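Inspection log for the structure reproduced underneath, given as structure tokens.
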Amino acid sequence: MDPWDENDAFEAAASAPVPLSQRALAARPKPYLDGLNPAQLEAVLTLEGPVLMLAGAGTGKTKALTARIVHLMREGRARANEILAVTFTNKAAREMKSRVEAMSGSEGGMPWMGTFHSLSVRILRRHAELAGLKPSFTILDTDDQLRLLKQLIQAANMDDKRWPPRMLAGLIDTWKNRAWTPEKVPSSEAGAYDNKGTELYAQYQERLRALNACDFGDLLLHCVTIFRAHPDVLAQYQRWFKYILVDEYQDTNVCQYLWLRLLAQGHQNICCVGDDDQSIYGWRGAEVGNILKFEKDFPGAKVIRLEQNYRSTPHILAAASGVIRGNADRLGKTLWTDVEEGEKVRLTGYWDGEEEARAIGEEIESLARGTRGRLPVGLNAQAILVRASHQMRAFEDRFLTIGLPYRVIGGPRFYERQEIRDAMAYFRLAVSPDDDLAFERVVNLPKRGLGDRATASIRTEARRISMSQHEGARSLVATGGIGGKGAGQLRQFVEGIDRWHAAVLGARPDTADQLIEPLLPDTPPATQSGHVRLAETILEESGYVSMWQNAEKDKNPEAEGRLENLKELVKALEQFDSLQGFLEHVALVMENDSEEAAEKVSIMTLHAAKGLEFPAVFLPGWEEGLFPSQRAMDEAGQKGIEEERRLAYVGITRAEELCYISFASNRRVYGQWQSQMASRFVDELPVADVEILTPPGLMGGGYGAAMGSFGSDIEARATKADVYNSPGWRRLQNNAGPRPATPRRTMTIDPEAGAGFEIGDRVFNQKFGYGRIIDIEVDTVEIAFEKAGVKHVKAGFVTPAKADDEIPF
DNA sequence: GTTCCAACATTTTTT
DNA sequence: ATGTTGGAAC
């Protein structure tokens, strides 16, 4: 039966007198409402019409959201599959799903809970023809997209160096985020990309259609276009989705906003949850404006504020609100908590980034040990949140040295690794041999003796017969259009694809239909493992596995790891019931969710930290130009500052009990030493809630200048005793171990900093490590260091090493 | 077709 | 500083 008809049937049933069982259900106790505060309760129980839940950090919005969903179902307002619940990330969707399941006790409900993109794919598969696609369309990854754009750029006789494909991809993405199809790009954008932007955009869309493919932006944009052009289709969905819930509404872009508004126009029951103070994705098209004008967009909307914070101590909340206060455009809320105790936020200035890393490593270990009369704070409970990923290196270096376990969150992702993408290209060919992008990727991988010339003639042949490159290659093989050693190998490749494709069809005859999911929960497909074996066969027969196995170890030290990754990939396949299902999952869920149990400190960007919380949070690098980032300020001016400030707010509010903010007055960025000013956000911290720590381990200061208006509150120079007693120095003893022989270098240091040293003194330098003074001239001190390459150092870099510090020679 | 060297860029990131 | 990429030399 067509699910739409079934929906009508259900509606008819719903308008009939409420059966006894329903009433009994309604009378049952509602444990899911227990423990909600009045505001949360209001957010759960306000069912009719548009609702904006303004939920500050740590105010229990997920709890309210899940309770609302459970309530809707328990009260018989809607069935699980009539509730559309949208999130941004797969992680958020997963989390909400499991919480709803836990709360309602039912499993596997909520078929329409997912990310904007995954939901859009499901809708788009049902109506692909309306967008000029077949239901079996593929979803391009960034790699494919860039290669495609590059081809177009070169075809337009443009210099792809001056006009990099990346830039065009960014431009097109921006346009799609604003819901502009090629015809709708306003003329004000005509100058973009050397006046060719719009034209290339149109060509790109044309190519995508020919390839039966979509990029990420298309998933949403096609939906919006279809909804607008086909009111009947839209009406079906409007009728179907009785309630709509949206998480992180402040991050929606124009296209997502339209998507939501179109769908919500039916029942008008849309509940958006968000926090204007946590909008940090403006640079990728998110419109804070969407949340600011919610009441205008949805007339009659109720705004409910969740302001009671259950996460952080009062000092942390005060610090966060002190910073965010500087922003002009805010809906305004005041977080409060009834917790009383808590330590002040700590602010520390360091000499440079390496000292910062060392001191933070110290503190992390000391917290983990539970010193200072505090209960131990496990490593999993601690996180370092940085503004830019290059800041991570200093911490990784340091933590590797002292053996402190850490995990970097949001690093290069599993499915973005080269070997995984290659293997996936083979799978894609097996599923749909016409996938030209996949074909191009692996046709000469492993090397099959097919170079530029051979691939070019395959492409030409394909175009001549208006078929895919797979067919083009077949035709060339048949006619002997390819000469030499490549011919036989190409034949094997073509035949291989045919064989694998036949195997895929054998395993699952109704390929395309399988991709269209029913609106109603289906009986789960019978699990079978043929596709796992097939995947292994493909990787072996293609020679891809042996390519890495035969790779010379010394030239490809990573080959072993790549083979491991391939094994992992095949293992991951087991959880799916077909190759195509797996491919779809990977296209949408580019993440490796291997959650390890081991105790490790987390290192991540502020962006990656949204939605997380940690008892102890370190926020390093609060320097003007780094945070707030120079680029954000240059490109977006005051708006940029405001977004950076929200980022600071997000960072501070991740902390439950301990928050450490720090900056360095000298930092090396891309190998260049830079003198830094403390971030303006440092000045915005309320003094009453911040404890300013004397920077330890320094001589030849320079803090006054770096400290901004805080300078007067901080002792500019550490005393020698500070140096000797600071924990940062003692910790290094544990680093004892064999060190390489070190060449001697001459180093010029500030006479003032050098004063008092004698030949034979052991010293420490932030950049070059431990050394021993071997000669002193009037303004030259010759020092032997463990690191080579020292030629000239500007000023005041040497500290005396403690007597029992490890000296390498 | 492969290897090597020079030029180049280098926030934030999801899907 | 460092990793990637494109072109020239092999």
Side-chain angles (χ1 to χ4, degrees), chain A residues 86-93 114-121 139-142 145-146 150 159-162 164-167 170 173 176-177 214-221 248 251-253 255-256 279-286 353 385-394 397 409-413 415-416 418 444-455 484-486 552 555 584-591 604-611 621 625-636 640 643-644 646-648 650-651 667-673 767 789:
Chain A
V86 197
T87 62
F88 274 84
T89 63
N90 292 296
K91 203 171 141 207
T115 62
F116 275 104
H117 292 84
S118 66
L119 296 171
S120 294
V121 172
I139 302 162
L140 291 198
D141 60 24
T142 325
Q145 195 189 358
L146 289 179
K150 195 171 164 190
D159 181 0
D160 62 3
K161 274 206 188 131
R162 230 175 92 73
R166 223 168 234 306
M167 188 175 154
D173 196 49
K176 285 184 177 172
N177 286 342
C214 269
D215 65 15
F216 283 115
D218 281 338
L219 297 177
L220 283 140
L221 185 49
E248 306 279 12
D251 288 334
T252 47
N253 59 38
C255 191
Q256 288 157 340
S279 167
I280 55 175
Y281 286 108
W283 49 271
R284 69 174 198 219
L385 313 182
V386 297
R387 174 64 183 85
S389 48
H390 65 70
Q391 289 171 264
M392 292 180 182
R393 196 188 303 163
D397 281 356
I409 297 190
R413 283 169 295 169
Y415 292 115
E416 277 172 12
Q418 185 194 331
N444 198 27
L445 201 96
K447 304 267 180 270
R448 294 192 175 87
L450 301 162
D452 283 348
R453 241 166 55 87
T455 45
K485 46 196 177 331
E552 287 175 56
K555 278 190 188 165
E584 172 120 351
H585 170 83
V586 171
L588 290 170
V589 190
M590 299 276 277
E591 63 184 57
M604 68 188 94
T605 62
L606 286 162
H607 286 89
K610 189 147 83 136
L626 180 58
F627 185 44
S629 122
Q630 192 59 49
R631 189 144 154 192
M633 293 190 286
D634 291 347
E635 284 174 8
E643 181 150 322
E644 297 286 297
R646 291 192 290 267
L647 215 38
V650 168
R667 190 180 291 278
R668 203 172 33 175
V669 181
Y670 299 131
Q672 309 291 317
W673 282 97
K767 189 174 176 185

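These numbers come from a predicted model, not from an experiment. Naming convention: chains lettered A, B, ... in sequence-line order (proteins, then strands); numbering from 1 in each chain.
Each of A:H607 and A:A454 has a nearest nucleotide on DNA chain B; the 5'-most of these lies closest to A:A454. When the nearest nucleotides of DNA chain B are assigned to A:F88 and A:H390 by heavy-atom distance, the more 5′-ward of the two goes with A:H390.
Rounded to whole angstrom, the span from the CG atom of A:D141 across to the P atom of B:dT15 amounts to 14 Å. Look at CD on A:E643: it is 14 Å from P on B:dT12, rounded to the nearest Å. Spacing between atom CD of A:Q145 and atom P of B:dT14 amounts to 16 Å, rounded to whole angstrom units. Straight-line distance from the CZ atom of A:R166 to the P atom of B:dT11: 10 Å, rounded to whole Å. To the nearest angstrom, C1' of B:dT15 lies 11 Å from CG of A:N253. In this structure, A:M604 atom CE and B:dT13 atom C1' are separated by 14 Å, rounded to whole Å. The NZ-C1' distance, from A:K610 to B:dT13, rounds to 12 Å in whole Å. The interatomic distance linking A:K150 (NZ) with C:dG6 (P) rounds to 4 Å, in whole Å.
Regarding contacts with the backbone of B:dT13, every side-chain N or O of A:K91 stays at 4.0 angstrom or more from both OP1 and OP2. At B:dT15, none of the side-chain N or O atoms of A:S118 fall inside 4.0 Å of OP1 or OP2 (strictly under the cut-off). Taking side-chain N and O atoms only, A:N90 has no distance below 4.0 Å to OP1 or OP2 of B:dT14.
For A:R284, whose side chain is taken as the heavy atoms from C-beta onward, the closest listed nucleotide among C:dG6, B:dT15, B:dT14 is B:dT14. Closest to the side chain of A:R393, from the set B:dT11, C:dT2, B:dT15, is C:dT2. Candidate nucleotides B:dG1, C:dT2, B:dT12 were compared by shortest atom distance to the side chain of A:K447, and B:dG1 ranks first. In this structure, of B:dT15, B:dT11, B:dT13, it is B:dT13 that holds the atom nearest to the side chain of A:Y281. When distances are taken from the side chain of A:T605 to each of B:dT11, C:dT2, B:dT13, the shortest belongs to B:dT13.
Among the protein residues, A:S629 comes within range of the nucleic acid bases, having at least one heavy atom under 4.0 Å from a base atom.
A:E644 contributes atom CD, which lies 9.5 Å from atom CG of A:L626 (distance to the nearest 0.5 angstrom). If you take CG on A:D218 and NE2 on A:H117, they are separated by 10.0 Å, rounding to the nearest 0.5 Å. In this structure, OG in A:S120 is found 4.0 Å from CG in A:L220, a value given to the nearest 0.5 Å.
In this structure, A:D173 and A:F216 have side chains that are not in contact, with every pair of non-hydrogen atoms separated by 4.5 Å or more.
Although no hydrogens or angles enter the test, the distance criterion places no donor-acceptor pair under 3.5 Å between the side chain of A:Q145 and the main chain of A:D215.
With centroids closer than 5.5 Å and planes inclined by less than 30 degrees as the test, A:F216 and the base of B:dT14 fail to qualify as a stacked pair.
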